[in-house]
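Each chain gets a letter, A, B and so on, in the order its sequence line appears, and its residues count up from 1.
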Amino acid sequence: MTKEKKFSMESLQDRQTICKYLEALKDGFQDGRISLSHQDETLILEPGGLIQLSIKARKKDEEIQLSINFRWTDQD
Amino acid sequence: MPYFHDLEEKIRFMVLEVSRQLEDTLKIIHDPLPDLVDKVKLRDDRIDNYKSILENLCFSRIHGQSNLTKEKVDFIRAVNIISTNLERISDFSVNIVAQLGYLSRIDFLHAYNYPPFFEQISNALEEVVPGLFNKDLNHALSICRAEFMVDKLYKRSFDKIIEEMDSAADKRDLITCLFIFRYLERMGDSLLNIGEAIIFSVFGEKLKVHQYQALVESLDSINNNIAIQDVGFESIWETRSGCRIGKIMDPAERSGRAVLFKEGKSRKIFREKENIEAWRKIFPSLVPKIYSYNQSGDNASMLLEFLQGCSLQETVISQHRETMENALFLLKETLSLVWDETIKNTPVNAGFISQLVQRIDDVLMIHPEFNFSEVRIGSFTTPSLNHVIKILSELENGLGASFSVFIHGDLNTNNIIYNQKEQQVYFVDLHRSCYGDYVQDVAVFLVSNYRKPLFDAGVRQAINHLNQEFYSFTRQFAAESGDITYDARLALGLIRSFFTSTRFELNRDFALSMYQRALYLAEKLISHQNLPWKDFSIPGDVFKYSRF
């Protein structure tokens, strides 16, 4: 069993900077390789084959949440 | 006071037992008779027992009786502190007796001047009962002074032993003697706690002996004829700054004439005194009058005019919109006058980032997770905390204000007093006032509102409104003054205040919201660094709290 690797980050952004993050992810999907690094640890993801995409949004009073989720299995 | 009969009786016995313990310890030093050594050990068990009984009595009195007056509760608390410290003195006696067993010969100790220690401690113990039961501050002070004397004696013995250390044939005996003197010195510390407990039982406030003495001196220096026991002292804690602040009420005046007593490190108190005097030359009515200033060693104290009113923060929390608007209006008017009056063409750099660096360890001690490293998502990179600080420091060097004004220096919303009747605001806590960048006051003000951990929608709305209005007002002043780097400097000031405020906030989500704002502004500034600063603007939402 391989060790679980994780990457997570949390920050405050505006529309302009959100686009930079999305661009970086978009480039990763396009190249079939998304590299995520944090604290000397790098996680390389290679999205390929069929990818499950879910987009969820919720709006309650002033609070809005939009979540985008990608799931896939590694290709052998 | 029949109610306290059992407490009184037990504490009297305990003092007597501890005094005997001390007498016997001295006898053992002269002649270590085994029977006497056993007696001291047995008596220590009895004293421990007294301490437990008194502790039980104290707690059961406090919790078992309703309608206890504060005075009674304070007395019980003082008794508990005293019994704990008496028990310690007895423990130290036992420790001394045990140490004697390590000496190669008992008369080794006789070459040192130990009797005055015992004399000081015994005399002080004799004052405990009259001090406590007659509420006599002279006895309390005398007990506190014993600690000072014992410390002096210890210093002499310590120096002598250290001097002899090089040439001594048996260093073990010397070290044992040092341990014995150290136990005597610690008895002095316990006496100080006992003396301060008596002061507490009289005053109803925890005052260190030097604070009490400063208070007496301050009142004396304004020719106050009130007996110190009759002075009402209401503590206003200021834990962050390390100063002791209290409101003193004159019992002779029913209307409640009050003065403010402030005691702390002399460097800080003296600076505040000088700043108040500077403010009084510019705007006499804006700051409190100084009635007296006294300095003693490293500490100093002041008696200040007690300004009537409430803090600006209280007007926000009260959610009385009209009052808050009025207070804000007065603050804006006051700042306009101060800034117009004191403006100088002297460039100044507030050094926000170096202020941040000074406090960074305190922040990371509470929130170690804030020390982030570089993050890379494909080709997109965000720098580490160290790197962000380095870039901001460089960037700040070229971002000073082109003019300076006399600033408050810590324009926390708590440091602004609003008096509705007089239609005036006052400034307090002025030890950081100087000619500086007004943006420092703006940033501190905005973040002091933001960081109030109140999450009621109405209060947050009021805070957001206050911040928005204040920001618009200051931005207008900047525009009128031709201050084209205002927003960029404000971003630096907000980064500093948001980041450093997290060290007082244990609510992780709320601390995170401040930390993320600091980082967001940092990223904005960094991405703008090659563009003209006049085009940089603060995103309006950044000092508004929103719950995600």
- Message: Taking atom CD as the centre, does Glu62(A) end up with more than 12 heavy-atom neighbours from other residues, nucleotides or ligands that are less than 6.0 angstrom away?
- Response: no

- Gln13(A) versus Lys524(B), side-chain donor and acceptor atoms under 3.5 Å: no

- chain B heavy atoms under 4.5 Å from Asp14(A): which part of the residue, side chain, backbone, both or neither? both

- Message: Within the structure provided, determine whether Leu12(A) and Arg517(B) are in side-chain contact (heavy-atom separation under 4.5 Å).
- Response: yes

- Item | Contact class of Glu23(A) relative to chain B, heavy atoms under 4.5 angstrom | neither

- Message: Report which part of Ser384(B) has an atom under 4.5 Å of a heavy atom belonging to chain A: side chain, backbone, both, or neither.
- Response: neither

- Is atom CZ of Phe329(B) surrounded by more than 12 heavy atoms (other residues, nucleotides or ligands) closer than 6.0 Å? no

- Task: Take Leu25(A) and Phe380(B) through the side-chain contact (heavy atoms from CB on, under 4.5 Å) test and state the conclusion after the steps.
- Result: CA-CA 9 Å; Leu25(A) 288 174; Phe380(B) 182 61; over 6 Å; no

- Note on the structure: Scanning both residues in full, the closest heavy-atom pair of His38(A) with Ser373(B) reads CD2-OG, 3.6 Å

- Item | Heavy-atom contact with chain A under 4.5 Å, split by part of Leu519(B) | neither

- Item | Interatomic spacing from CG in Leu36(A) to CZ in Arg376(B) - rounded to 0.5 Å | 10.5 Å

- Task: Decide if atom CG of Leu531(B) counts as having more than 12 heavy atoms of other residues, nucleotides or ligands within a radius under 6.0 Å.
- Result: yes

- Task: Drop me the distance from Glu10(A)'s CD to Phe372(B)'s CZ, to the nearest 0.5 angstrom.
- Result: 13.5 Å

- Query: Heavy-atom count around Arg321(B) CZ within 6.0 Å, excluding the residue itself: above 12?
  - Reply: yes

